[in-house]
Every structure is written in structure tokens, then in C-alpha cells.
Amino acid sequence: MKRIQKLSPQVINQIAAGEVIERPVSVVKELVENSIDAGSTEIIVEIHEGGAKKITIRDNGSGIHEEDLLLALTSHATSKIRDSNDLIRVQSLGFRGEALASIASVSELTLITKTAESSHGFKVTGVGNDEIEKPMPAAHPFGTTIEVKDLFYNVPARKKFLRTERTEFSHIEELVKRLALVRFDIAFKLMHNDKVVFDTKVCRTQEEKERRIGAIFSQEFLDNSFYFTHTIEDLRGTLTLHGWIAKPTFSRNQTDWQFVYVNGRMVKDRLIAHAIKQAYQDVLYGHRHPAFIVYLTMDPEGVDVNAHPAKHEVRFRESRFVHDFLFRTIHQVVAKPLLEMQGNQQSSNAASEFIQPMSEPVQQQSRLNFNPSYNSNNASSTFQGSRNDQPVNVYAALGLDQKSEQINPVLSTFQPQSLAGENDQVDDAPLGYALGQLHGAYILAENQQGLVLVDMHAAHERIIYERFKRNIHDQQTLVRQPLLIPKVMQMQGKHVAAVAEFQVELAQVGIVAEAFGDHEIVVREVPAALINADIDRLITAVIDDFDRYGSSEKIKAAVNEILSTMACHSAIRHHRKMTLPEMNALLRDIERTERADQCNHGRPTWTSIGMVDLDRMFLRGQ
């Protein structure tokens, strides 16, 4: 076996480059983040052949002093932190001081810079080795230019892993877009093979910010999104979340349109992704994913940005608090009826704001006052318990009053108003008033903007579902079913510890359990409504959530699945003839019910066609 010896600085830097510099986009990320930290208001990114041949970054930042240039290309040399205490409150994007040294070790790097105090600039080069040339005077405007040529020329094994020019540049384009979507105070210009890809100006107003989003990202996303802001003050700190949330009906089959920033840093964090996914769980169908651009601002001491070599991930010191804040905030934004959100934006350009305490529930909406009876022929109201073999009533297991759900199928009366006059005020009825039914499936209504079409079954299904959920989840705990024979389950040590730590919280979601040794737990009670489900797998998943995030929505989701089935069987069926008052009553409840823009399966419940679109359809005025 060979003797131990100290590695050379060149090998050390190349090892570090392996952690930080994976491909050309990694170089661009490190250099652009340095430009941002330097206070730049203009950053130009020039790429040639996908970045493998040449990457050039120009900025008008503060520049680097002549006497610091040699240090700048030395590993672990930085101007952004001084001691370990600074790591607790890192506010810059870069701070480890290894980017330039790592890049210089695997490329031909040239750096030219000029500070405000200097009469001219200075140039320094590093060519994949330990020797760095002495800085030489060079003509250069205020700021810094860094040129990186022939990436991985001295590490051919790494160069073989590069993809096609088009693929490598697509990663760079995505990165610069993500940075441009958070630093609206900086003008970004991106070029590839001497062609301008996009060129943005500094954005000072909300309108200019949205114009940038539409231009470099997606106008379609912007047209289907709402801006919001939410701030909460707590003994654990002040958190602010704002951004653009797409309507649930505007979803994707992948997570590529999800942008999350923490204190201005773009991150891909598991805790954040889980919280947002949970917030959308009741309004998306299949395996669809929401689209959003959100910005979380908090005390830098509450987040550790030194958790990943490439700084992609962060670690929250109060992870449960942050997860709960993210979930509740986005859950409330998504829950708002679309018409209410549109009304907020049309009345002013201000965001949809809410500052209520996190413990305060979402304001309850008016209940639907007409429902057909629950049809026990279509969905059984009892099932056999797997432990005591006694029939369990669905309504009792869910904590519902069965008699109260057997509502007279006759719909309530409603007196419609006239829309004959153009100046009639119908702000209280955004969906307008019914004109009639189409094939017993859709309601046609007229509002001041044009035509409204409603899927009556889907809309009614959502309204009933929301009422069921209020009746269930407004209670402190779910109805529990004691097990005649307590169940002993094998668990990992961390999961046993989670059961001991979150015993009260688990009971609130219907699971009474306790630690039983180092690797076992004993379960004594489970949610009554889920007694016939795969309870072992469900309990394991719930405990895993508590271990990871300090909370779990899996029990709630499982109960909601039962409620959704009940609501589906209770809703108005297609081909049922409705009177105009009945249709108008349904329209009013859609306007007041949370998430009424989608049915229980995530599909839209209504749509509209404005007069402008109708005129264009029939070529009026042409």
C-alpha cells in the first residue's frame, strides 16, 4: 500500500472542480452569482458552442483590487466572509471562495477588472496549473470580465461527459432565466454564438416585472397566474412569501415550471417542494404538477445555505415552522375562488394579501343549500372493520350526522335579476345569470363580459365535497377506532423516535401509537374511516412524513378520497332538468365556494367566452 502524501494544489482544485463544476452551466452559475454579489446592475453572458469552447461574463460591478487579483484565483479566498460566525448569516450567493480557483484548474481563464478607485484595469490569467501570472495593466471599463476557454481541456475524461452543444446551452439558458426571474434590479443579456437570445432591462415596477416574465419565460403562465404576498410574524421570526401562482387548471406533466427562491437564492429543496405539492393536492388530477414562481424571505440565521457543494439546497433551522407556513399560505391562495382573485386584481394592481395568524382557519364559505340525497345504492355507507368484524357506518366513522346529509332533493328557489340594461350592476354575480341548459349537462349563463358555461355535475360535486371536508376537518381530531389487538410494527430507529416526539400530533390525525423498544412501535387506535385501508403502509408513510417535515397530510388525503367519492355520488347527475332559479342558485354557490373552479378530480368546472372573442369568432367588425 502506498504511503500517505499531501495532494498538490492543482489536484485539490480539480477535485473541488469535480464537486462544483459539473458542466458549462456550473461555470456560468458561479461567475454570474459573483457578478450579482459585486453589486452589478448589468450582466452580459456570451456563450460559444454551448460553453465548451468559450464562456464570457461581463458586468459593471465593483471590480477587484489589483493586490487581490492573485488571491482571487486561489482556493478558499473570499471577500464575503471573515470567520465562522459569518457563516450563520450568509447573505451573498457565493461565499466559499473556491469557484475561480476550481474553474481556472480545468480551463484557460482570463480575468480583467477595474475598480472605481483605479485609473485603469488589470488582467490576470490562469491556465490549468498552479502558476498564475502577475497582474498586468489592461484597458477595461468599470467592472469585471471573465473569459473561460476550452473547459476541461486538461481533464479529457470529464470532457467526454459533455452533451451536445444544444443541450449544454439549454441548461445555461434555463439558469440565466431563473436568475433574471429573481433579480429584477439587474439587466441581463444572453448571447449564443454571437446571436442575442434575450436582452432585458432593469425592472422597477410590477408591470415591468411581469413584462420580463412574459418575455423570457412564458406569457401563457402569466395569463393564467395570480400574484400574491403573505407575511407572518412569529417568535421564531418573520417570514414573507410572495410570487405568482398558476391556476390549478393550468398544470404541467412535469416540474419544469416551478421556481423557488430563498432570500434571493434559487434552490431545489425537498422540504419546500413537499409543502407546495401538498398545498395543491386537492385540486390537481392524475400526476399533474403546479406551476409557480415564489420567493421566500426570512432571517438569514434561520436558513443554512452551506448544506450542498453547489449551493442548490438549503437547510432550515425551524423546518417544521417553514413547511407549515409554505403549505398554509399556498393552500389558502389556491383555495380562493377564481372569481374572487380576479376581482382583487381588477379592483387594483395590488397583490392578494392576507396577514392572519397561521392558526386561523380559512374563512368558511357559504354552504350549498340544495343537494340530492346520498344514494346508498351507488356507494355503500357501511364496511366491515378488519379488527373487530363489526359493521362501521361511514357517516359515523367520519363524524358526520347521516340525517343531516339526507337533504331534500328539491332545489331552493332563487329570483334572478335582469341583465337587459348595459349599465346593470351585477358585481355580486360574476358568473351572471342562467339562460338555460345544454343537453342536460351544461348551464349556459350570461354575464357582462359574455358567455359562461358550467359543468353542473362537476361544480356541484366540488361544492358538496367542500362541505363534507369542513364538517370533518374543522374537528380537533378524527374519529378513531380502537384495535382489539394492538398492532406491533417494525420501524427504523428514527421513525420510532418520531413516534415518541409527535405522539400528540399523531393522535390528532387519528393514530394512537407509542414507542415499543428501539425498533418497534405499538399502534392502539387508527382513523375509523380508514380501518379497511392498507393501514400498515399508511401509518408508515405518515410517520415518515413527521420525521422529515414535522407534519403529514396523508391521513387527511385518504379521508378526502372517501369524501370525494361520496360527493360524486351525491351531486346532480347529467341529463337532470333544472329550473332557472336552481341554475342561478348553483352559480352563486360556485362563486362563494373554495376551489370551485375545479371538480374533485382537478378538471375545470366552468369557463367563459368574452364578447371580444365571440365577435372575433363571427368576424364581426371585419
Side-chain angles (χ1 to χ4, degrees), residues 8-10 12-14 16-17 20-21 24 26-48 51 53-82 86 92-154 172 176 179 183 186-191 194:
S8 68
Q10 180 184 5
I12 292 173
N13 287 336
Q14 288 185 346
V20 179
I21 311 302
S26 306
V27 175
V28 176
K29 178 180 183 295
E30 297 294 337
L31 297 183
V32 173
E33 286 184 345
N34 280 346
S35 295
I36 293 174
D37 288 338
S40 305
T41 60
E42 181 179 354
I43 300 175
I44 301 173
V45 180
E46 296 184 31
I47 306 298
H48 288 82
K53 181 179 181 181
K54 186 169 71 172
I55 297 171
T56 305
I57 311 294
R58 294 190 177 91
D59 67 54
N60 63 347
S62 58
I64 304 173
H65 292 277
E66 176 189 4
E67 54 271 25
D68 295 339
L69 276 174
L70 292 180
L71 273 177
L73 298 185
T74 304
S75 61
H76 305 297
T78 178
S79 62
K80 298 166 188 177
I81 60 173
R82 287 291 180 267
D86 292 337
S92 56
L93 297 179
F95 53 88
R96 294 196 179 106
E98 59 186 18
L100 289 177
S102 297
I103 296 170
S105 70
V106 293
S107 69
E108 298 178 7
L109 184 146
T110 302
L111 187 156
I112 310 176
T113 185
K114 178 180 180 299
T115 63
E117 299 82 7
S118 178
S119 60
H120 57 273
F122 289 90
K123 174 182 178 181
V124 66
T125 59
V127 189
N129 52 45
D130 301 338
E131 298 181 2
I132 303 173
E133 296 181 2
K134 181 180 178 181
M136 300 294 293
H140 193 271
F142 177 64
T144 301
T145 297
I146 298 181
E147 183 181 89
V148 178
K149 298 175 65 176
D150 295 329
L151 186 63
F152 300 135
Y153 81 97
N154 58 348
I172 295 174
V176 181
L179 291 170
R183 295 306 301 260
I186 299 176
F188 288 89
K189 183 177 182 179
L190 175 63
M191 301 178 65
D194 299 321

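Small disclaimer: the values here were computed from a predicted structure and weren't measured.
Put simply, the residue from Arg58, Lys54, Lys189 that forms a side-chain hydrogen bond (donor to acceptor under 3.5 Å, both in side chains) with Glu46 is Arg58. Exactly one residue among Leu109, Leu111, Thr110 makes a side chain to side chain contact (heavy atoms under 4.5 Å, CB included) with Val148. That residue is Leu109.
In this structure a side-chain-to-backbone donor-acceptor pair under 3.5 Å is missing from Ser107 to Leu151. When atom types are taken as modelled, the side chain of Thr113 and the backbone of Gly143 share a donor-acceptor pair closer than 3.5 angstrom. Between the side chain of Asp59 and the main chain of Thr144, a donor-acceptor pair closer than 3.5 Å is present.
Residues Pro24 and Ile55 come closest through the heavy atom pair O-CD1, 3.8 Å. In terms of heavy atoms, Ala138 sits closest to Lys123 at CB-CB, 3.9 Å. Residue Ala99 comes nearest to Glu30 through the heavy atom pair CB-OE1, 3.5 Å, listed as atom of the first residue, atom of the second, then distance. Between Ser35 and Ser40, the shortest heavy-atom distance links the atoms O-OG, 2.7 Å. Taking every heavy atom of both residues into account, Phe152 and Ile21 meet most closely at CZ-O, 3.6 Å.
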Subject >> Derivation and outcome, side chain to side chain contact (heavy atoms under 4.5 Å, CB included), residues Thr41 and Ile186 >> reply: CA-CA 4 Å; Thr41 60; Ile186 299 176; 5.5 Å; no

Verdict with reasoning, His65 to Glu117, per side chain to side chain contact (heavy atoms under 4.5 Å, CB included): CA-CA 9 Å; His65 292 277; Glu117 299 82 7; 3.7 Å; yes

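Taking NZ from Lys53 and NE2 from His48, the interatomic distance works out to 7.0 Å, rounded to the nearest 0.5 Å. To the nearest 0.5 Å, atom CE of residue Met191 and atom CD1 of residue Ile47 are 10.5 Å apart. A distance of 12.0 Å separates NE2 of His140 from OG1 of Thr115, quoted to the nearest 0.5 Å. Summarising the geometry, atom OG1 belonging to Thr145 is positioned 11.0 Å from atom CG belonging to Leu31; distances are rounded to the nearest 0.5 Å. Note: Ile44 CD1 to Phe188 CZ = 11.5 Å, rounded to the nearest 0.5 Å. Separation of atoms OG1 (Thr125) and CE (Met136) is listed at 10.0 Å; rounding is to 0.5 Å.
In this structure, the side chains of Pro141 and Asn60 stay at 4.5 Å or more apart for every pair of heavy atoms. When side chains are defined from C-beta on, Ile146 does not count as touching Ile103, because their heavy atoms never get closer than 4.5 Å.
Aromatic ring centres of His120 and Phe122 lie closer together than 6.0 Å.
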